[in-house]
Every structure is written in structure tokens, then in C-alpha cells.
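What's counted below: heavy atoms across the whole structure, side chains too, no hydrogens, waters or symmetry copies. Residue numbering restarts at 1 for every chain, and letters A, B, ... go by the order of the sequence lines.
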2 protein chains.
Amino acid sequence: MAITIEERIGQHYGGLSDKLRVAADYVAANPVEVATRSLRAVATTSGVSPATFSRLARALGYDDYEAMRDDGRAAVGRRMVPFSQRAHDLRTSGAGQSGREVLARHAAAALHNVSFLERDIAPGKLEAAVDVLHKARRVLLVGSLGSSGLVDYLGYQMHWFAADWIVAGRNGTALAAALSRLGPEDAVLALSKTPHAKRSVSALEAAQKRGIPTVFITDTYSSPALPLASHAFVVPTEGPQFFSSYAATVVLLETIVSLLLARAGEDAEDRIRAAEDQLHSLGETWAP
Amino acid sequence: MAITIEERIGQHYGGLSDKLRVAADYVAANPVEVATRSLRAVATTSGVSPATFSRLARALGYDDYEAMRDDGRAAVGRRMVPFSQRAHDLRTSGAGQSGREVLARHAAAALHNVSFLERDIAPGKLEAAVDVLHKARRVLLVGSLGSSGLVDYLGYQMHWFAADWIVAGRNGTALAAALSRLGPEDAVLALSKTPHAKRSVSALEAAQKRGIPTVFITDTYSSPALPLASHAFVVPTEGPQFFSSYAATVVLLETIVSLLLARAGEDAEDRIRAAEDQLHSLGETWAP
DNA sequence: TTCCTTATGAAACATCTGTTTCAACGGTTG
DNA sequence: CAACCGTTGAAACAGATGTTTCATAAGGAA
């Protein structure tokens, strides 16, 4: 089974010395350079001594620097066939079942979906939705079934700099209670994909009745909740998979987080860093 | 104005001598060879003398053989990163803050990451990891902090056709207990991104000690847990956002689900449909 | 035929490449 | 404090690289 240089670097990164890491980082970032240029040329442009690169190859388990370069060559050769062509071949030539083929199909579908997402969202639409979320006193996140995990992810991202984002996860009992505590100065963000959980639909219904602004993200124009939402986004999710793909949805969610972060003010990022340091000092995370 | 080697060959082909044509044909057919290997190596494998290749470069209007190789390098580099240019432009061309601009940047970054993911996974690597997961009696899913939601999502997808996938979510106490119940016939799938939760790292450590096969997905080569895992994937996550992007990770996870679904047998999809019907008949979902 | 031109590879050449040695440095341990 | 260890780059080294020279061969013209 073939192993790429990047993987070798990953396997050995922990045991590398300072300079070897610098060299390894350069190799990981510039694989084509390594495959095509000479050791000394790479050494010069990266600012590390030639000897270090020679040592790096051995530290990564290669016999030689040349052996490492051979791996790079193989990767470059694989890359030479343009990705889009392979994706096209795979889509038209039927179903290869090797891991790389399936991966290529998924990747192609994701690229397709993300491109469409980017193209099909009208100007100003995102701002309007983000405005609602930004001004809201509290934001309730609703997602069931497959959407539950993503809503959780969104809630995690937001909790770093916005205190009042509440995740109403898969567990349904809390939802009604949480909704009853919200008013027009709050907001609801719901995520629902096929198959649509009734719970999410009724949450939107309830929100509308109580005058709570809603942002709704779904995958079909025929979703029953679409007319109920104040701000609705339809994200393409078609894919080769049996289930629908969430990649484009993640992009949209992360974009929303980005926009909210920008509105949160200049020092929001500082506050996040502080919170991260706090997390680290509690021994929860591992520092590189 | 760049001219490729192929074009130069076309322009000069008529004026070339016999051997020079043989050499030119070889160069046109194997541009990667020329870009990556030495003149003498190319000469040997093509059966033409080294001197001829040196002369060919000049006959095509290059100063040098090295100048010709530089053109080859440029071509390889260009083809290698189809999306990255656009992504790079968007990322570096300064910070438009309108919703569409931010979305475009995120989309570009996601496209970039997905392309790299597709490219940098070695053949056979996915299969090996999926094999482990498929054969496992039980699979424990580990993810903390930002990865918790995605792990949850994966667990949800899998529960439709694989009974024994257990999610060890953000809550840490259950993790140790769950791990202690696993053995070499089981598997652990862990997801960890910067900042890396210590809990995930130690889960992998524990799994390794107990001989449990592990699949590990992370975002940095420097992750401390990388050497501990039996099957490790490094997914690119760079993005315009303060936080790292999970879009490419979602693609990888969905691909894994796809491959597992394929191995689950032909009737797995039928069983899922039946389960969905069941869910619907319980009044949980809304049918379009 | 002889003379001249062109094409070609072997070999010689200076240069460059990757490796290894070695001395210097910084940190740790006794 | 000294002794020791791992890390690092400069320099030395053998071998490889790209170019050029040169001898040979093949053809064309006189």
C-alpha cells in the first residue's frame, strides 16, 4: 500500500527536531518543488541547510533523499490527470467501487454543490439573515435526525463569542420549553434535510406564531417549512451517496459564523484566543 | 506570455533531425518525466543519447535544458492546483466584508480543501481504513470540542445500517468505560482538530495499548496522536475563517459511509428505506 | 572518386548533487 | 563545575549531471 510523503511526515512529526520540522513543513507545503527541483535548490529557497533535508529523508524512514523524491514523483504523476476529468469519467463510466473512485465522486459532488451554493444565494440575503441572528438576544438552534450533529457544531463555534446560542438537540422535550421562553427580540435557526423531522417544522410554526424571527436552512424547495421562515436558504445536497451530502451546508454555516464574528467586533478574536488559552490551561487541549 | 513545451515542439518539429524527433516525441509524451527526472535518466529510458536531449532544448529555442525543464515544472504546477489559484486570489485579495464576498471566500477555501483531500489520499488507504471499520464488531466514535457535532453526524448516518456504532460525545466520563469494553475485534474512530482535545489523544493511546484498531482524522501533521493511529488521515482545513473549516472533513466522512454502505450488502439500502418508513409511520417525519 | 556538410554518440569536462564528516553550540545531567 | 548528549551547518567527498568536444559515419555535390 502506497504511503505519501505527507503521511510519513505525519507519522514521524512528533519525533523530529526543530530544523527537521521546518524542513518537513516545507516539504508538506511544496511537494512539487521537492519532486522537481534538486535538494540543494529546495534547501536554498526554504532556508534550511542541505544536510538537514538529507537527514529528513532518513528520519521519515526513506533509504535516501531520492527515495523520498520518488514518492513525490508518484504523487505528481497522479495529480497530472486533472481532477475534473477524472470526476467526469467516473460519473459517466458508471460505478467504480474503489476507495479513490468513491472519494472522487463525493468530492466532485461536493464541489458541484458548493459552487451552486455560492452562485445561487442572492446578494443581501445572507446579510439579512445574519442581521437577525446578530441582533437577537438569544438564538435557539433546532435540528433533528441528521441535522442534529451539524447544529451542534454550529452551536459550538458560536459559543466562543456569543453566549446566548442554545442548542435544542435531538432530544425533543426541551424544545417546547425553550421556544416558550423566546420572543420577537430572539431568533430561531433551524436546519432540516430530507427526511424532514416534524419537530423542526413545528418549531418553525410555533416561532412564526410567536413572532420570533427564523432562519431556515434546508435541501428542498418543497420543504413544508419554507414559507414559514423569515429567512430561508435552500442548499444543494445532491451526491452519489444514498444520504444527502452536508458539505455545502457546512460551508454556509461556517460563512454565517464568519459574518457574525465580523460583527461581533474587533476584539472578538482576542476573546476567543483568551478562551482557548483558558481551555488549554485547564489541561483540556494539547498544544503543538 | 507562456509557451508550453508541446507548442514549441509543434513549431519546430519540421526542422528537427531524426533523433531529435524521437527525443521530442518522448518529451511530448512524458512531460512529467522531463520535469522530475534528470536528463540522463530520461535519455536512458527513452533510448536516446544525453547529448541529443541537450541539443533538443536548444533546437526548441531554449537557452538550456534546464530552461525547458522549467517550462515542464510550471505546467505540472499549474495542472496540479486547478482551484487553488482562484481560492488564493479570493483569500489574499483583501477583505471584502459583504455576505457574498465572505461566502465566496469560504466556498473557494472549501473547494481548495476538497480538491486537496481528493488528491492527497493514497490509493488503498481508504479501503484499509474502511475494512477495519467494516470488520469491527463495535465501533466507538470519539470527538470533542468542535469535532463532537461531526462525530454525532457520522454516528447518525451509520446507525441506519450498522447497529454497533457508539458515539462517545463531548461528555468524557462515558469514554473510559466504553473503551474498557472494547477489544482487538472492535475499532475506534476519532476526529480531532486544532485545538486538539487531550481526551481524544488519550483515547487513541488507550486504544493502541489495548490493541484496538484505530482510524484517526485530523487537520495537522503535527498532531500528537498521528503516530498512535493504525489508519490516519490528514484533512486540509485552511480557510478564511478564524476557525478551521470542516467541509472537506464532511466529504471524507460521507465517503467512508458510502464505502461502508457498499460493503454492507445489496439490501442495506432497502433496510434503510424500511427504517425511514417506520420513522415516518411513527409521525416523526414529514413526507413531501 | 574526393570534398564538404550534417548528424550522431562516446568521452572529457566543469559543475552540481546528495551524503558524510567534523567542529561548534546549547541544553541537560552528574 | 565538567561531562555528555543531541542538533546543526560548513566543508569535504564521491558520484552524477548537463554540456561540449571530437571522431566517425552517412550522405550529397563536384
> Between A:Arg73 (side chain) and B:Val32 (backbone), is there a donor-acceptor pair under 3.5 Å?
Replying inline: no

>> Looking at B:Arg55 and D:dG18, is any side-chain donor or acceptor paired with a base atom of the opposite kind under 3.5 Å?
In response: no

> Does A:Thr52 have a side-chain nitrogen or oxygen under 4.0 Å from the phosphate oxygens OP1 or OP2 of D:dT8?
Replying inline: no

>> Does any part of the side chain of B:Leu126, heavy atoms only, come nearer than 4.5 Å to the side chain of B:His231, both counted from C-beta?
In response: no

> Closer to the 5' end of DNA chain D via nearest nucleotide, is it A:Leu16 or B:Ser38?
Replying inline: A:Leu16

>> Quick check for you: among C:dG9, C:dT19, D:dT7, whose closest atom lies nearest to any side-chain atom of A:Arg58?
In response: C:dT19

> Taking CZ from B:Phe53 and P from D:dA16, how many angstroms apart are they, rounded to a whole number?
Replying inline: 20 Å

>> What is the separation between atom CG on B:Leu20 and atom P on C:dA7, rounded to the nearest whole Å?
In response: 8 Å

> Of all the choices, D:dT19, C:dG18, C:dT19, which nucleotide is nearest to the side chain of A:Ser54 once you look at every atom?
Replying inline: C:dT19

> Is it true that B:Asp186 and B:Lys135 make a salt bridge, defined as a side-chain N closer than 4.0 Å to a carboxylate O?
Replying inline: no

> Among the nucleotides D:dG9, C:dT17, D:dT8, which one has an atom lying closest to any side-chain atom of A:Ser49?
Replying inline: D:dG9

> Roughly how many Å is it from CD in A:Glu66 to C1' in D:dT17, rounded to a whole number?
Replying inline: 12 Å

> Within the structure, does a side-chain N or O atom of B:Arg40 lie under 4.0 Å from either OP1 or OP2 of D:dT19?
Replying inline: no

> Within the structure shown, what part of the strands sits under 4.0 Å from B:Arg37 by heavy-atom distance: base, sugar-phosphate, or nothing?
Replying inline: nothing

> Among the nucleotides C:dT8, C:dG18, D:dT8, which one has an atom lying closest to any side-chain atom of A:Leu39?
Replying inline: C:dG18

>> I want to confirm an ordering. Mapping B:Lys19 and A:Asp63 to their closest nucleotides on DNA chain C, which one lands closer to the 5' end?
In response: B:Lys19

> Counting side-chain heavy atoms from CB outward, which of C:dT8, D:dT7, D:dT19 is closest to B:Asp64?
Replying inline: D:dT19

> What integer distance in Å separates A:Tyr62:OH from C:dG18:C1'?
Replying inline: 17 Å

> In whole angstroms, how far is the P atom of D:dG9 from the CG atom of A:Leu56?
Replying inline: 13 Å

> Between D:dA25 atom P and B:Asp18 atom CG, what is the distance in whole Å?
Replying inline: 19 Å

>> Just the rounded figure in Å: distance from P of C:dC16 to OH of B:Tyr65.
In response: 17 Å

> With respect to the side chain of B:Ser17, which nucleotide from D:dT19, D:dT20, C:dA7 is positioned closest?
Replying inline: C:dA7

>> Can a side-chain donor-acceptor contact be found between A:Thr45 and A:Tyr26 if the only test is distance below 3.5 angstrom?
In response: yes

> Between the side chains of B:Tyr246 and B:Ser147, is a donor N or O closer than 3.5 angstrom to an acceptor N or O?
Replying inline: yes

> Whole Å only: how far is the CG atom of A:Asp70 from the P atom of C:dG18?
Replying inline: 13 Å

